[in-house]
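The structure under discussion appears below in the form of structure tokens.
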Amino acid sequence: MIVAVDFDTEIKDLRGTMASVREVTDLESLRREIVELEQKASAPDLWDDPEKAQEVTSRLSRAKTELDRVTNLDQRIDDLEVLVLLGREEADAATMAEAEKELAALKKEVAQLEVRTLLNGEFDQREAVVTIRAGAGGVDAADFAEMLLRMYLRWAERHGYPTQVLDTSYAEEAGLKSVTFEVKAPYAYGTLSVEAGTHRLVRISPFDNQGRRQTSFAAVEVIPLIETTDHIEIPENELKIEVFRSSGPGGQSVNTTDSAVRMTHIPTGITVSMQNEKSQIQNRAAALRVLQSRLLLLKKQEEEAAKKELAGDIKASWGDQMRSYVLHPYQMVKDLRTEYETSNTSAVLDGDIDGFLEAGIRWKRGLERQRQEA
């Protein structure tokens, strides 16, 4: 029986990668953390403080998931080795084919876990707040902003990550002027932070009656979600709060009360609008949470004297793009920083962006190493 795959070498490489992952993850510390959190979670008065209880149970679930992910992959590699031995002993082509399929799945999952270990920045473990803004390109840019929103929401759906759209500003003809949403999953910020920048779309415009090719731009901003331990306090006299009526596509009212909230931090000029919650109180709380997240990031940027490192000054125009989505005259999505590319544009726009995320994380980590060595 001829086997095209060198299983011995492949399994050895997998074990080597997992050894590096275990070293970085520090499984013993993770196990100690789980024991401590389980003790807190079993306290009879835990739910006397619902906010603290939610934090404890979330941290416990997160820690168990991380531990299970590593130990389960180790077990699957052991099982694969046994499967290969059985297939060789019995010269069973079906067993070897099954082993080859499992090897391919393991290589993909181990590579993803390896990338996760590169997310060791101060805020990388946080949930994320993502804002997409239409840039140059008129109605095509607004439509592109809506395409990007769908892409990210589909990506989150593929991974089972909860999302919540916080604010939507519709364009007059089609698409979105801007949209802000949360991705409620561990490491969402670290993972999606590499998406920050200007995205460029080239296609035959569906809004041009002459069928001409149109280039349009959209800006993506990613910030880490504020946590209760961050202590970002904003004095009332530094806030300007305005309320207005929520609206939907074409300016049609979707709310008969002034429930939407626009919150401006006077010292920095940072403005946040929220209108997707049902009440003014809920929109105000959501706006304050996102404003605090942006101020937290600004504080970190000022400390590091690197204002473009995490969110950046994103202009959404020529000369500033980080990724191109070309739908005509050929099909190609290419990241201009990492050179990662694919011709399967429909899959990308349907949320298949893990390859771009992994390449971006490795690229970002490489830049950080260069700065440390300089």
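No hydrogens, no waters, no symmetry mates; every other heavy atom, side chains included, goes into these values. Remember, it's a predicted structure, so these values are computed and weren't measured experimentally.
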Checklist entry - Who else is in the cluster with F207 when I, L, V, M, F, W and Y are joined by side-chain contacts under 4.5 Å? => result V139
Checklist entry - Any Lys/Arg nitrogen of K108 or D354 sitting under 4.0 Å from an Asp/Glu carboxylate oxygen of the other? => result no
Item to check | Qualifying residues under salt bridge (Lys or Arg N to Asp or Glu O under 4.0 Å), relative to E182, sequence neighbours excluded | outcome: K184, R289
Checklist entry - Do NZ/NE/NH1/NH2 and the carboxylate oxygens of R31 and E28 come within less than 4.0 Å? => result yes
Checklist entry - Quick one: hydrophobic cluster around W363, which other residues, with the 4.5 Å side-chain cut-off, linked directly or via members? => result L367
Next on the checklist: Looking at E172 and K177, is there a salt bridge between them, counting it only when a charged N and a carboxylate O are closer than 4.0 Å?
Outcome noted: no
Next on the checklist: Between D13 and K107 (salt bridge meaning N to carboxylate O under 4.0 Å), is one present in this structure?
Outcome noted: no
Next on the checklist: Could you work out, with salt bridge (Lys or Arg N to Asp or Glu O under 4.0 Å) as the rule, every residue matching E358, not counting sequence neighbours?
Outcome noted: none
Checklist entry - Can you find a pair of side-chain heavy atoms, one from R337 and one from K364, that are under 4.5 Å apart? => result no
Checklist outcome for this item: Taken in chain and number order and not counting sequence neighbours, the residues that satisfy ring-ring contact (aromatic ring centres under 6.0 Å, His included) with Y152 are none
Next on the checklist: Apply the hydrophobic cluster definition, ILVMFWY joined by side-chain contacts under 4.5 Å directly or through others, and give me every member besides V35.
Outcome noted: none
Item to check | Basic-acidic side-chain contact under 4.0 Å: E157, R154 | outcome: yes
Item to check | side chain to side chain contact (heavy atoms under 4.5 Å, CB included) partners for K240, two or more places apart | outcome: E242, T264, I266
Checklist entry - Which residues satisfy the ring-ring contact (aromatic ring centres under 6.0 Å, His included) test with Y161, sequence neighbours excluded? => result W155, H159
Checklist entry - Apart from V326 itself, what residues make up its hydrophobic cluster, given side-chain heavy atom links below 4.5 Å? => result V202, Y330, M332
Checklist entry - What residues form a side chain to side chain contact (heavy atoms under 4.5 Å, CB included) with N237, not counting sequence neighbours? => result P235
Checklist entry - Just wondering, are more than 12 heavy atoms of other shown residues or ligands nearer than 6.0 Å to CZ in R158? => result yes
Item to check | E114/R362 salt bridge by N-O under 4.0 Å criterion | outcome: yes
Next on the checklist: Test of understanding: with ring-ring contact (aromatic ring centres under 6.0 Å, His included), list the residues that count as partners of F144, not counting sequence neighbours.
Outcome noted: Y325
Next on the checklist: What I'd like to find out is whether the side chain of R15 reaches to under 4.5 Å of the side chain of D78, using heavy atoms alone.
Outcome noted: yes
Item to check | Residues that E102 engages under side chain to side chain contact (heavy atoms under 4.5 Å, CB included), provided they are two or more places apart | outcome: R76, L80, A105, L106
